[in-house]
Every structure is written in structure tokens, then in C-alpha cells.
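Contents: one structure, followed by commentary.
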Amino acid sequence: MAGPGGRGQLMPPPEEELATKVLQIQSKRFYLDVKQNRRGRFIKVAEVGPAGRKSRLLLAMSTALELRDHLTSFSEIYASLGPPNPDNLPEDGKLKSEVMIKENRRYYLDLKENSRGRFLRISQTIARGGPRSQVAVPAQGMIEFRDALTDLLEEFGTEDDMSYGRFKGELPEARHMRIENKNFYFDIGQNSRGIYMRISEVKSNFRTAITIPEKSWGRFRDIFSEYVEKLKELSDKPAEEGK
DNA sequence: CCGGCCA
């Protein structure tokens, strides 16, 4: 019920709104809001359809940056596509797909085509089988959408948010590990001080994380191996008095 | 002038 970070409703988290951009793309309106709460800055994307139907999506700034970069390659692919041809569509209608993984959230980007035309579906899942929020951007509007994100990121992205670019695509992918009832997430990131690994431990409504600079990974590894050896010695040794 | 969706 309570999502990660939900700590009861005594004190609703103060949420500050920093900026809003409104895009009109064909019959739809998109609101891009930069907001900020205790957990940091994020962009809320809200889609309002012609009948007032709404759907929304939350993006951490670093995810927004990644999405911005994907939008560039999605629009290149879109531009290179010939006229719609129902005969040679893939089964699922997907012309190109990407997945972005951000801690316990997955974002699926799919350039799709149906009888109405082409569109980019951006959908977000929290845990497996969990709620799914999504927006569908008409393919014609991807560039406009990307430019709006770029503006917001340039103005409101912190140095850490924006520094991801240099190594993008070269840094190892995030990993996830489930051990008993704990989830561990490993994310490699980069900021002005260098590369780091963030290890998050996530339980139902609790999370903690540490950030380990890349320079020290070797020492961490040495300490781990040392402990692994020590424990092995202990368990190899027949039971007797300690020390 | 919409309208897209269960990994």
C-alpha cells in the first residue's frame, strides 16, 4: 500500500514546484513540471487528452536526462522510417524499444504504430505487476518534447544530474539482486568527482543506500575477500575453543 | 479529429 518513502500522513512532504512547460501536440496537451521534495528534484509529465483524460509519469532528473537522449535516437529512427506499412509491422507493433532502469523503477520506451499513426509510449512500472503509468507522445511531437526536457534540464538539472552524459552508454548497466526478502540495486553513476557505485537496499517501505567512489572499489574488494577467506578458515576448522 | 496500453 504505502510506496517506498511513504511514512504516514502526519506530515505530507512539502513539494515545491519550480517550473512548468506546456506543450500542445496534436490533440494532446503535455505538462512538464519540475518539482522538488525531500527526495530531490524530478519532472512530472502529465498528459491531458482531448476528453480531459489524464495520465502521468514521474522522472528523476537523471532519468529525464536519459530519456532526453533516447528521444534523440527515437526521432532519428522515426525520421528514417518510410510511410506506414501495415504489412511489415512487427507482431507487437513495436518499431524500436528501450528500457531505462532506475533503482526499482523500469521505464519502457516503445516507438509504436497503429491505425492512428506512430507514437512513443513511455511507461513506468514500480515493482513487477505493480501499477503502471504511462504517456503516449505522438511521434511528430518527440522533438518538441525532447527540446522542452532539454530546457528544463539545463535550467534545473544539478551538476550531478547533468554529468552523466560523458560516459553514457559506456558505464556498466545497473544490476539488481534479490536475497531472501531484500532487494539490492547497484547503480553506476558519475558526477563531478568521478564514477561511483550506489548500492541501495530496498525493503517493502524502507530504503537505504551507500555511495562508493570508484577509486576505492579495489579496497572494498580486498576487504570482502579477506572476510570470505576468514570465514572459510573458520568453517574449515573443526569445532574447538576460539581465538 | 483523435488515440495508442499488461513486458
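All chains are named by letter (A, B, ...) in the order of the sequence lines, taking the proteins before the strands, and each is independently numbered beginning at 1.
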- [ ] Return yes when atom CZ of A/R29 has more than 12 non-hydrogen atoms of other residues, nucleotides or ligands closer than 6.0 Å, and no otherwise.
- [x] no
- [ ] Record whether the side chain of A/Q26 comes under 3.5 Å of the base of B/dG3 through a donor-acceptor pair of N or O atoms.
- [x] yes
Task: Length of the CD1-P vector between A/I25 and B/dG3, whole Å - done: 17 Å
- [ ] Spell out yes or no: do the side chain of A/K112 and the base of B/dG3 have one donor N/O and one acceptor N/O closer than 3.5 Å?
- [x] no
Task: Polar pair under 3.5 Å, donor/acceptor by atom type, side chain A/S115, base B/dG4 - done: no
Open item on the list: Expressed as a whole number of angstroms, how long is the span from A/E47:CD to B/dC2:P?
Closed with: 13 Å
Open item on the list: For B/dC5, does the base pair up with any side-chain atom of A/R121 as donor and acceptor (N or O, under 3.5 Å, distance only)?
Closed with: no
Open item on the list: From CZ of A/F30 over to P of B/dG4, roughly how many Å is that when rounded to an integer?
Closed with: 13 Å
TODO: Assign each of A/P138 and A/D110 to its nearest nucleotide of DNA chain B by heavy atoms, then name whichever residue's nucleotide is nearer the 5' end.
DONE: A/P138
TODO: Rounded to the nearest 0.5 Å, what's the gap from CG on A/L109 to CD1 on A/I122? Could you check?
DONE: 6.0 Å
Open item on the list: What I want to check is whether an N or O donor and acceptor connect the side chain of A/T125 with the base of B/dA7 at under 3.5 Å.
Closed with: no
Open item on the list: Expressed as a whole number of angstroms, how long is the span from A/E113:CD to B/dG3:C1'?
Closed with: 14 Å
Open item on the list: Whole angstroms only, please: what is the CG-C1' distance between A/N114 and B/dG4?
Closed with: 5 Å
Open item on the list: According to side chain to side chain donor-acceptor pair (under 3.5 Å), who are the partners of A/E173, at least two apart in sequence or on a separate chain?
Closed with: none
Open item on the list: Without decimals, in angstroms, what is the distance between A/I122 CD1 and B/dG4 C1'?
Closed with: 13 Å
Task: Residue A/R219 excluded, over 12 heavy atoms near CZ under 6.0 Å - done: no
Open item on the list: I need the CD-C1' distance between A/Q140 and B/dG3, as an integer number of Å.
Closed with: 12 Å
Task: Touch class at under 4.0 angstrom, heavy-atom based, for A/G49 against every strand present - done: nothing
- [ ] Check DNA chain B against residues 50-59 of chain A and give the residues with a non-hydrogen atom under 4.0 Å, in numerical order.
- [x] A/P50, A/R53
TODO: Could you tell me which non-hydrogen atom of A/V137 sits nearest to which non-hydrogen atom of A/I25, and how far apart they are?
DONE: CG1-CD1, 4.2 Å
Open item on the list: For A/H70 and A/F74, take the angle between the two ring planes, folded into 0 to 90°, and tell me which bin it lands in: parallel under 30, tilted 30 to 60, perpendicular over 60.
Closed with: perpendicular
Task: Aromatic ring of A/Y108 stacked on base six-ring of B/dA7, 5.5 Å, 30° - done: yes
Task: Between B/dC5 (C1') and A/Y107 (OH): distance, integer Å - done: 17 Å
Open item on the list: What's A/R106 touching, base or sugar-phosphate or nothing? Going by heavy atoms closer than 4.0 Å.
Closed with: nothing
- [ ] Could you tell me which residues satisfy salt bridge (charged side-chain N to carboxylate O under 4.0 Å, His left out) with A/E17, sequence neighbours excluded, listed by chain and number?
- [x] A/K35
